[in-house]
Participant: 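A single structure is presented below for examination.
Just follow the structure's listing: the first ligand is 1, and inside any ligand the first atom is 1. Positions are given from 1 along the sequence.
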Amino acid sequence: MGILMVLAALSLSAFAQTPVDDHLRAIAWPPYQDEVVKLMREYLQIDTSNPPGNELAAAEFFHRLFDQAGIPNTIYPFAPGRANIYAVVKGDGTLRPLVLLNHMDVVHADPASWRLPPFSGEILNGEMYGRGAQDMKDEGLIQAMALLIAAREHPPLKRDLIFLATADEEVNGTGSAWMLANHPELVGNAEFLITEGGSNLIRQGQGTIYGVGVAEKAPFWLRLTATGRGGHGSIPIADSAPNRLVKALARLVDWQPPIRLLPSVEQYFNVIARLQPEPLASKFRNIRKALRDPAFARSMSRNEDLNFLLRDTVSLTVLQGGPQTNVIPDTAYAELDVRVLPGEDPKALLAQLRTVLADDSIRITSADRFKPPNSSSTDTSLYRLIEQVVHQYNPQAIVAPTLGGGYTESQMYRPLGIACYGFNSLEVTPEVNATQHAANERVPVEQLRRGVKIFYEAVARAANQ
Ligand SMILES: [Zn+2]
């Protein structure tokens, strides 16, 4: 073979030819692509609005599919109408399992503000409408399809492929909590887990950015309560509870916690640098050094879209004094939506907040149950594989690790020693992405057809390396 032919052969695939390549090449995709569209519609028609959830109906839907394909599966009911479902396609056991985790519940939908009924699965202009079409029935169904295809096509598998669909992610997370409390052995040995938290945004003129979720910040909600003498509004009290509270809050809103750059965030800036004009591109490429320049650090702190990636954040959200204009109340309180980065010690942050508030008479109490944030390294075979598979289908795509501002269930599974990633294979416009938890949630049908193939390839390859 001449050198040009060798190069041509090499460029056909980023992967060495292996039994998995032979397996992938042999699959006839159109029937599976038709099936994913048909099943997506059926799944969206199951109303799992939470509360009350009624995820048992969705678990039974998956149970029927897995039974038909001969895949061992078990429904775990844990409350009336509420259940999780677990299914497994066994590998040869030489590598630890890969878990595909999704939640079956969805948030409420008000049909009045929708173009098509939210539990119809109807298609308009190539997009399928339904609550959950983005969050995350689309991903859940594609995960189930990966097992159905594996059961029919018999890929080589060094890992077990585990499917776990849970109830109640949107409200209290009791589905995953129940599984981990009662059946930790079912997932505890896994090496990797894929769930929500990834998003692949098509940007006008800039290609698609595949965001792979590697970490999330954790809510650390606080209530600040001031107490003092009450009285008639006509006779001001200088150190009344509302006065002391707003003075302390004024100090707080002028302050931000210090910048702390996580390795994954540094990597994120490095990857998105190519989308920036100079001189910003060079600064993003060397973000750690650039942030030592106080002027640049200040400009980043003013950027709402990027600032929250760089530090713990504090948002003042609730303010409550008295109910009557002519009464000085003896109590006033405020609530803060504080979000902390993985690795941060909330006690240390609390001590900083106290110093900034500079009023020891203000009581600080917790306004939620804090779950420590955590993260997964990008330096794993699965993260690199996701990059490779994405580039195989979309060579121009940018793959970047992302830090989520909100919660995902990855936080519950990482403490078991599982590397957890938010990854999905559907590319969407920002407009479609914004329909999560909003009206007209929908998924482009072509993306379902394309996405099932990409996701299956990622899973089949991940199960062998
Ligand atoms: Zn979700």
Side-chain angles (χ1 to χ4, degrees), residues 40 43-44 46-55 57-59 61-62 82-85 99-109 118-119 121 128-146 163-180 187 193-201 210-219 339 368 371 373-374 376 402-414 418 420-428 430 432-444 447-448 451 455:
M40 186 76 245
Y43 189 27
L44 288 173
I46 303 169
D47 183 347
T48 51
S49 301
N50 186 14
N54 282 326
E55 297 92 343
F61 164 78
F62 285 127
R82 316 212 74 171
N84 304 314
I85 179 167
V99 179
L100 307 178
L101 171 72
N102 64 93
H103 64 83
M104 297 177 284
D105 60 320
V106 296
V107 295
H108 274 259
F119 296 97
M128 189 184 289
Y129 283 66
R131 176 55 86 221
Q134 290 289 317
D135 180 13
M136 63 173 297
K137 282 185 167 169
D138 54 338
E139 296 166 69
L141 183 72
I142 284 178
Q143 292 183 355
M145 282 296 300
F163 173 91
L164 177 58
T166 58
D168 196 34
E169 189 275 345
E170 296 286 3
V171 178
N172 282 318
T174 55
S176 268
W178 188 91
M179 284 312 281
L180 291 173
V187 294
L193 179 149
I194 295 175
T195 187
E196 66 183 340
S199 73
N200 314 322
L201 292 182
Y210 276 71
V212 180
V214 299
E216 306 82 31
K217 290 173 101 172
R339 304 263 164 159
D368 74 341
K371 299 179 196 124
N374 47 36
S376 297
T402 56
L403 167 71
Y407 172 82
T408 79
E409 291 199 330
S410 289
Q411 281 186 31
M412 300 170 82
Y413 292 83
R414 288 199 189 100
I418 308 175
C420 300
Y421 299 104
F423 170 64
N424 79 73
S425 52
L426 308 174
E427 297 186 9
V428 292
V432 168
N433 188 57
T435 63
Q436 297 185 41
H437 289 218
N440 297 311
E441 188 173 357
R442 58 195 188 270
V443 58
Q447 286 297 326
L448 286 174
F455 192 78

Participant: Determine, for E216 against K371, whether the closest basic-nitrogen to carboxylate-oxygen distance falls under 4.0 angstrom.
Facilitator: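 K371 and E216: not salt-bridged.
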Participant: Report the atom name of the nearest N/O/S atom of D135 relative to the Zn ion (ligand 1).
Facilitator: OD1
Participant: Test H103 against every option in D135, T166, D168 by the side chain to side chain donor-acceptor pair (under 3.5 Å) rule and name the one that passes.
Facilitator: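 Testing each of D135, T166, D168 against H103, the sole residue satisfying side chain to side chain donor-acceptor pair (under 3.5 Å) is D135.
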Participant: Show the nearest heavy-atom pair for residues S376 and C420, with the distance to one decimal.
Facilitator: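 Taking every non-hydrogen atom into account, OG-N, 2.9 Å.
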Participant: Are any N, O or S atoms from E196 nearer to the Zn ion (ligand 1) than 2.8 Å?
Facilitator: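 Within the cut-off used here (under 2.8 Å), E196 does place an N, O or S atom near the Zn ion (ligand 1).
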Participant: Work out which heavy atom in E170 is nearest to a heavy atom in D105; give both atom names and the distance.
Facilitator: N-OD2, 2.8 Å
Participant: Just checking: E169, one of its N/O/S atoms, less than 2.8 Å away from the Zn ion (ligand 1), yes or no?
Facilitator: no
